[in-house]
Amino acid sequence: MTIRDEADKIAGELTELRHAIHQEPEIGYDLPATQRKVLAALDGLPLEITPGRQLSSVTAVLRGGRPGPTVLLRGDMDALPVHEATGLPWASRTAGAMHACGHDLHTTMLAGAARLLSAQRADIPGNVIFMFQPAEEGGGGARIMIDEGVLGAAGEPPVAAYALHVFSGMYDAGVFAARPGPALAAMDAIDVTVHGRGGHGSAPHQAMDPIPAACEMVTALHAMVTRKFNVFDPVVVTVGSFHAGTVRNVIPDDATFYVTARSFSHESRQRLRDETVRLVTNIAQAHGLTADVDFAGGYPVTVNDPAEAAFATATAAGLFGADRAVTPPEPLAGSEDFSYVLNEVPGAFVLLGACPPGTDPQTAPSNHSATAAFTDDVLPDGATLYAELALRRLAAAALAPE
């Protein structure tokens with residue numbers, strides 16, 4: 001019986017686990033209920049399990065029956081601060097929290113893969129690390145798990161790492177997608193405060209108005225994107241919030257605006273930071289003002305190793321058919337903290353369509369929406385791909401000449 005057959009046999013149990021996690025979503029670093037569910041799902045399997053110290057992570061190591069290298073599989077566990085409006089029978093029971101990005105599916109599929117691979121333990125030529133990670137949604141949980149030693153949990157660094165991410169739209173259910181090179185953008189936050197001198201609205205010449213300078217900065221930032229960066233290595237700058245003053249006839253002392261900056265290469269990311277600071281500082285000086293620029297580093301670019309992305313696509317095609325394994329022509333502008341893992345280990349971030357039956361993927365509510373819905377039908381396939389990526393990658397390493 002194949003891994004895929006075994007996964008289909010436990011589809012009902014995977015669905016039950018996914019619904020249980022979905023009904024009790026938790027946000028951020030501390031996910032005690034989710035951690036308990038994961039530990040219960042792994043109970044009885046031949047795994048070396050280590051809970052996180054700074055967060056409710058679970059690291060589980062499966063040591064194969066034959067010597068060989070190590071592969072890492074990651075699934076994130078945290079939910080979003082979104083109040084669910086799907087009306088599903090297994091909808092969130094926690095007000096203001098929802099698995100709107102499908103992490104409940106990732107956790108379930110990874111637990112399923114641990115079960116499938118444990119049954120194959122005697123024949124596995126190497127080790128598998130299962131990385132159950134909190135705080136992907138802005139918390140950088142992957143970086144904390146790396147600091148706590150997840151990459152060395154089996155005693156040696158992994159030779160490859162893989163993660164799956166479901167989408168409520170974009171692709172038909174069961175379609176896998178991986179591209180070589182940049183797969184998702186880096187995302188950084190820029191906070192700018194322009195300092196002037198307040199005064200009466202009737203006498204602006206007696207004040208130092210920060211608002212016109214701040215407005216000029218906003219316009220100049222958008223122009224900078226088109227004039228300072230290669231169109232084939234794009235950056236995206238969005239000013240999402242602008243605050244200044246209290247009433248119409250008072251010139252404020254300060255004006256503040258908040259920016260997100262997205263880039264698709266390490267080089268453009270650094271240049272974007274440098275150019276933003278230079279531009280904002282120079283415009284402030286031209287107006288006789290000062291400005292503080294707080295550039296808060298977010299997630300790096302998620303870069304798929306070309307060979308590992310091709311391997312993941314070929315594995316999915318071999319398992320499910322060529323029509324269910326595609327190569328996206330361009331990266332997504334979202335960001336992901338699996339990027340920290342891929343900075344250390346060659347691997348691939350693989351997308352999986354999970355659009356419910358009867359729904360058009362192009363018009364379905366997107367991830368992070370209060371009405372985002374994901375089909376349970378993809379759970380066995382996701383668990384299968386996780387398991388097969390580990391098995392086939394370890395087998396290929398065992399056959400490679402030293």
Side-chain angles (χ1 to χ4, degrees), residues 4 7 11 14-23 25 34 38 73-80 82 84 86 88 90-92 98-113 130-134 136-137 141-142 162-179 183-184 302 304 309 312-313 315-316 319-320 324-326 328 331-338 347-389:
R4 187 177 179 186
L14 296 178
T15 297
E16 289 179 7
L17 175 59
R18 184 253 163 151
H19 289 184
I21 295 171
H22 190 92
Q23 288 177 319
T34 308
V38 169
L73 305 174
R74 179 270 217 165
D76 40 7
M77 305 194 296
D78 56 320
L80 283 159
V82 173
E84 183 162 356
T86 62
L88 292 169
W90 58 88
S92 169
M98 176 190 175
H99 273 291
C101 203
H103 295 189
D104 50 332
L105 284 84
H106 306 163
T107 303
T108 300
M109 293 186 294
L110 188 58
F130 302 93
M131 178 181 176
F132 292 90
Q133 180 212 311
E136 188 283 320
E137 296 291 354
Y162 306 100
L164 291 180
H165 200 300
V166 296
F167 281 81
S168 58
M170 191 161 59
Y171 294 109
D172 289 327
V175 172
F176 294 91
R179 73 181 309 275
L184 291 99
T302 301
N304 283 343
T313 303
T315 300
L319 288 167
F320 305 109
R324 289 180 54 187
V326 302
L332 299 177
S335 60
E336 240 287 346
D337 75 345
F338 191 62
F349 185 79
V350 182
L351 314 182
L352 171 57
C355 186
T359 304
D360 183 352
Q362 303 308 312
T363 58
S366 65
N367 287 27
H368 289 219
S369 165
T371 56
F374 306 86
T375 179
D376 297 319
D377 295 343
V378 301
L379 294 173
D381 290 348
T384 297
L385 186 66
Y386 267 134
E388 287 283 3
L389 286 173

* To do: Quick one: list whatever passes ring-ring contact (aromatic ring centres under 6.0 Å, His included) with His99, sequence neighbours left out.
  => none
* Asked: salt bridge (charged side-chain N to carboxylate O under 4.0 Å, His left out) with Glu336: which residues, sequence neighbours excluded?
  -> Arg74
* Who passes side-chain hydrogen bond (donor to acceptor under 3.5 Å, both in side chains) against Thr371, sequence neighbours left out? -> Ser369
* Structure fact -> Sequence neighbours excluded, the answer for side-chain hydrogen bond (donor to acceptor under 3.5 Å, both in side chains) partners of Tyr386 is none
* Non-hydrogen side-chain atoms of Asp376 and His19 separated by less than 4.5 Å -> yes
* Is there side-chain contact between Arg4 and Phe320, with at least one heavy-atom pair below 4.5 Å? -> yes
* Results of salt bridge (charged side-chain N to carboxylate O under 4.0 Å, His left out) for Glu137 - residues two or more places apart only -> none
* Mind checking side-chain hydrogen bond (donor to acceptor under 3.5 Å, both in side chains) for Thr34 and listing every partner two or more places apart, or none if nothing turns up? => Glu26
* For Arg324, what residues pass the salt bridge (charged side-chain N to carboxylate O under 4.0 Å, His left out) criterion, not counting sequence neighbours? -> Asp381
* Structure fact -> The ring-ring contact (aromatic ring centres under 6.0 Å, His included) partners of Phe349 (sequence neighbours excluded) come to His165
* Structure fact -> dist Leu17:CG -> Ile21:CD1 (nearest 0.5 Å) comes out at 4.0 Å
* Asked: What residues form a side-chain contact (heavy atoms from CB on, under 4.5 Å) with Thr313, not counting sequence neighbours?
  -> Ala178, Ala325, Thr327
* Which residues share a salt bridge (charged side-chain N to carboxylate O under 4.0 Å, His left out) with Asp78, sequence neighbours left out -> none
* Structure fact -> Hits for side-chain contact (heavy atoms from CB on, under 4.5 Å) against Ser92, two or more places apart or cross-chain, chain-then-number order -> Pro25, Glu84, Thr94
Check: residues 166-176 side-chain donor-acceptor pairs under 3.5 Å, at least two apart:
residue: Ser168; atom: OG; partner: Pro365; partner atom: O; Å: 2.6
residue: Ser168; atom: OG; partner: Asn367; partner atom: N; Å: 3.2
residue: Ser168; atom: OG; partner: Asn367; partner atom: OD1; Å: 3.2

